[in-house]
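In this text the structure is predicted, and so the values were computed from the model without any measurement. When a ligand or atom number is given, it counts from 1 through the structure's own listing order.
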Amino acid sequence: MNSPRTFHVKSFGCQMNVYDGARMAELLEAEGLAAAPDAGAADLVVLNTCHIREKAAEKVYSDIGRLKREDGSRPMIAVAGCVAQAEGAEIPRRAPSVDIVVGPQAYHRLPEMVASAARGERALDTDMPVQSKFGALPARRRQGPTAFLTVQEGCDKFCTYCVVPYTRGAEISRPWAAIVDEARALIDMGAREITLLGQNVNAWQGEDDKGHAQGLDGLIRALDALPGLARIRYTTSHPNDMTEGLIRAHGDVEKLMPFLHLPVQSGSDRILKAMNRSHSTASYLAVIERVRAARPDIAISGDFIVGFPGETQAEFQDTLEIVRAVNYAQAYSFKYSPRPGTPAAEMSDQIAPEVMDERLQRLQALLTEQQLRFNRASVGKRTTVLLERKGKRPGQLIGKSPWLQSVHLETDAAIGDLVDVDILSAGPNSLGGAPLMEQAA
Ligand code: 5AD
Ligand code: SF4
């Protein structure tokens with residue numbers, strides 16, 4: 001196989017994976033490869049996979065099959081991400097056309113693995129070195145107005161349903177200086193908003209440049225001081241790591257946006273225990289109350305799993321109850337999916353699929369209703385919108401409100417501008433607005 005000249009990275013799953021996909025693209029570009037618009041046009045295709053739910057592994061195999069071209073040839077194929085980590089050598093055994101298998105902690109080695117594959121040697125690396133891969137990655141190269149910045153990876157919490165501690169490994173925090181430097185570089189390249197990423201982002205800990213111990217709130221305050229940056233966000237958080245300092249930051253760091261994604265997963269204390277969540281419904285609600293006291297307009301988001309093994313009808317009702325108690329601005333909800341190797345997959349009384357379907361529908365109906373109510377309450381407000389991309393109609397741009405709502409508006413302003421907007425209409429998934437007259441002039 002020849003050395004590839006073009007590549008295409010296809011990312012699935014969470015924002016961390018999207019970030020990793022972008023870093024892999026930067027890494028390949030630094031090696032002189034050019035990005036191809038789609039997999040069909042690329043000499044090298046990287047499938048950056050997700051393993052958190054569903055039959056993700058099965059999907060990878062059908063995607064691999066589809067990469068075969070009409071003339072019978074195929075591109076060089078790399079499987080990256082969490083399926084690569086979980087399945088490892090099993091992947092080339094089942095799909096011999098795969099040339100490279102690279103886990104989330106090893107992708108800085110992609111260029112040498114591509115070189116091996118070009119020599120006809122299959123390359124596999126799913127090591128999880130303690131040493132961070134970040135030091136081995138090239139500097140950031142491109143940037144739109146909104147940027148992701150990984151500050152923490154991995155998870156030590158071992159929720160019984162979750163594959164992340166196995167695919168992403170133990171919790172590690174990137175060093176303070178590396179993060180602040182990367183933030184500066186992103187801002188220089190045009191980022192106006194930075195979202196700090198981590199599987200347990202609020203578990204981030206480190207030392208600042210004076211050697212003082214810091215948590216995520218310290219990092220947020222350091223970013224707050226960087227000129228040119230307008231907005232800071234972070235995701236995803238664990239309820240147990242919502243420190244007093246972080247809650248306080250929501251009250252007094254102006255650039256920190258009023259939005260908190262704080263998964264609770266279930267409203268039943270018995271189920272939370274079986275999930276090994278190490279928080280209760282009461283402690284979760286207490287955190288929400290304190291966050292709201294610090295920042296009354298904060299939008300709360302969450303994750304939910306329905307149909308965890310043994311979940312009774314009454315326990316599912318408790319989940320609806322906690323949703324009513326919190327009143328979410330938006331949330332994600334999923335049917336429980338047994339992940340090979342996790343304790344919950346071995347539990348008895350797995351819930352029937354049709355019961356899960358029915359519970360998910362009821363939960364989502366309630367969450368959609370709350371989201372619509374939250375969006376409708378924005379109508380008539382004046383707020384700032386960071387313009388991110390073009391809309392479908394000519395002259396239309398789409399941006400985000402401070403509460404992470406998509407706002408559509410017609411404006412002469414440019415992508416990357418922060419504009420003052422009157423919110424005029426609301427649907428379940430987006431808002432319509434108009435720029436203030438002074439600005440439009
Ligand atoms: N089944 C269903 N949902 C899951 N999640 C994680 N693991 C599973 C699973 N096995 C959900 C959780 C988590 C989100 C990222 O994905 O709600 O917060
Ligand atoms: Fe998975 Fe729980 Fe860790 Fe989140 S906290 S990544 S759900 S084990």
Side-chain angles (χ1 to χ4, degrees), residues 11-20 49-59 81-83 85-86 104-105 128 150-173 197-204 216 234-242 260-268 271-280 283-284 287 300-311 316 319 322-323 326 328 330-347 350-351 353 355-357 359-360 363-364 367:
S11 286
F12 304 87
C14 66
Q15 285 160 332
M16 178 79 78
N17 240 26
V18 174
Y19 173 94
D20 287 347
T49 60
C50 171
H51 203 235
I52 197 129
R53 280 178 299 274
E54 295 150 20
K55 308 274 182 287
E58 294 309 312
K59 188 171 163 7
C82 291
V83 176
Q85 190 65 41
Q105 303 307 345
M128 289 203 230
T150 292
V151 303
Q152 179 278 340
E153 263 197 88
C155 182
D156 295 336
K157 306 255 184 326
F158 290 93
C159 300
T160 53
Y161 51 81
C162 188
V163 78
V164 165
Y166 311 96
T167 58
R168 291 276 172 171
E171 272 178 31
I172 60 145
S173 293
L197 281 186
Q199 263 98 25
N200 264 297
V201 71
N202 58 343
W204 183 89
L216 187 69
Y234 62 93
T235 199
T236 285
S237 296
H238 193 282
N240 286 4
D241 294 318
M242 285 307 296
L260 176 63
H261 181 68
L262 198 65
V264 66
Q265 313 295 358
S266 166
S268 150
I271 293 291
L272 288 177
K273 216 175 200 138
M275 287 177 164
N276 191 32
R277 283 291 293 178
S278 68
H279 62 77
S280 63
S283 67
Y284 178 84
V287 169
I300 304 292
S301 163
D303 289 346
F304 296 90
I305 296 176
V306 301
F308 185 83
E311 184 187 70
F316 169 66
T319 296
I322 202 166
V323 170
V326 172
Y328 287 90
Q330 61 147 85
Y332 303 92
S333 45
F334 312 102
K335 284 184 274 188
Y336 168 71
S337 160
R339 306 284 72 213
T342 59
E346 309 295 317
M347 290 178 186
Q350 302 277 328
I351 304 295
V355 175
M356 284 206 241
D357 283 335
R359 290 181 188 173
L360 187 67
L363 175 60
Q364 290 189 335
L367 289 167

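- Between P343 and Y166, the shortest heavy-atom contact is CD-OH, 3.8 Å.
- Counting atoms of ligand 2 from 1 in the listed order, those under 4.0 Å from a heavy atom of P165 are 8 (S).
- Here L262 contributes atom CG and Y328 contributes atom OH; the two are 7.5 Å apart, rounded to the nearest 0.5 Å.
- Looking at F334 against ligand 1, only its side chain comes within 4.0 Å, counting heavy atoms.
- Closest of all the heavy-atom pairs between G81 and P104 is O-CD, 3.5 Å.
- For Y336, no nitrogen or oxygen atom sits less than 3.5 Å from a nitrogen or oxygen atom of ligand 1, counting backbone and side chain alike.
- Within the coordination shell of atom 3 (Fe) of ligand 2, defined by N, O or S atoms under 2.8 Å, C155 is present.
- With rounding to the nearest 0.5 Å, the separation of CD in E311 from OH in Y336 is 12.0 Å.
- For ligand 2 and Y161, the ligand atoms under 4.0 Å from any heavy atom of the residue are 7 (S).
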Test side-chain contact (heavy atoms from CB on, under 4.5 Å) applied to S333 and L360, step by step:
CA-CA 7 Å; S333 45; L360 187 67; 3.9 Å; yes
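- Contacts between I305 and ligand 1, counted as non-hydrogen atom pairs separated by less than 4.0 Å, involve the side chain only.
- Annotation: the span from N240 atom CG to H279 atom NE2 amounts to 6.5 Å, rounded to 0.5 Å.
- Of all the heavy atoms of P263, none lies under 4.0 Å from any atom of ligand 2, so neither backbone nor side chain is involved.
- Looking at atom 11 (C) of ligand 1, its nearest protein heavy atom turns out to be R53 NH1, 3.2 Å.
- In terms of polar-atom proximity, D303 is counted as a contact of ligand 1, with an N or O under 3.5 Å from an N or O of the ligand.
- Atom CD of Q199 is separated from atom CE of M16 by 4.0 Å, given to the nearest 0.5 angstrom.
- If you check which protein heavy atom lies closest to atom 1 (Fe) of ligand 2, you get C162 SG, 2.3 Å.
- The closest approach between R277 and ligand 2 falls below 4.0 Å for a heavy atom of the residue.
- With a heavy-atom cut-off of 4.0 Å, K335 touches ligand 1 through its backbone alone.
- Atoms of ligand 2 lying under 4.0 Å from any heavy atom of H238, numbered from 1 in the order shown and given with element: 5 (S).
- The protein atom (non-hydrogen) at minimum distance from atom 9 (C) of ligand 1 is S337 O, 3.6 Å.
- One option in F308, F304, Y332, Y161 has a heavy atom closer to atom 7 (N) of ligand 1 than any other, and that option is Y161.
- Residue contact annotation: C159 places an N/O/S atom under 2.8 Å from atom 2 (Fe) of ligand 2.
- Between atom 12 (C) of ligand 1 and the options H238, M16, Q265, R339, the minimum heavy-atom separation is to Q265.
- Side-chain contact between K59 and F12 is present, with heavy atoms from C-beta onward closer than 4.5 Å.
- Looking only at distances, no side-chain donor or acceptor of D241 sits under 3.5 Å from a matching main-chain atom of N202.
- When all heavy atoms are compared, the tightest approach of Q15 to T235 is OE1-CG2, 3.2 Å.
- In summary, the side chains of Q105 and E153 do present a donor paired with an acceptor at a separation below 3.5 Å, with no hydrogens or angles considered.
- Closest to atom 6 (C) of ligand 1, if we only count protein heavy atoms, is I52 CG1, 3.4 Å.
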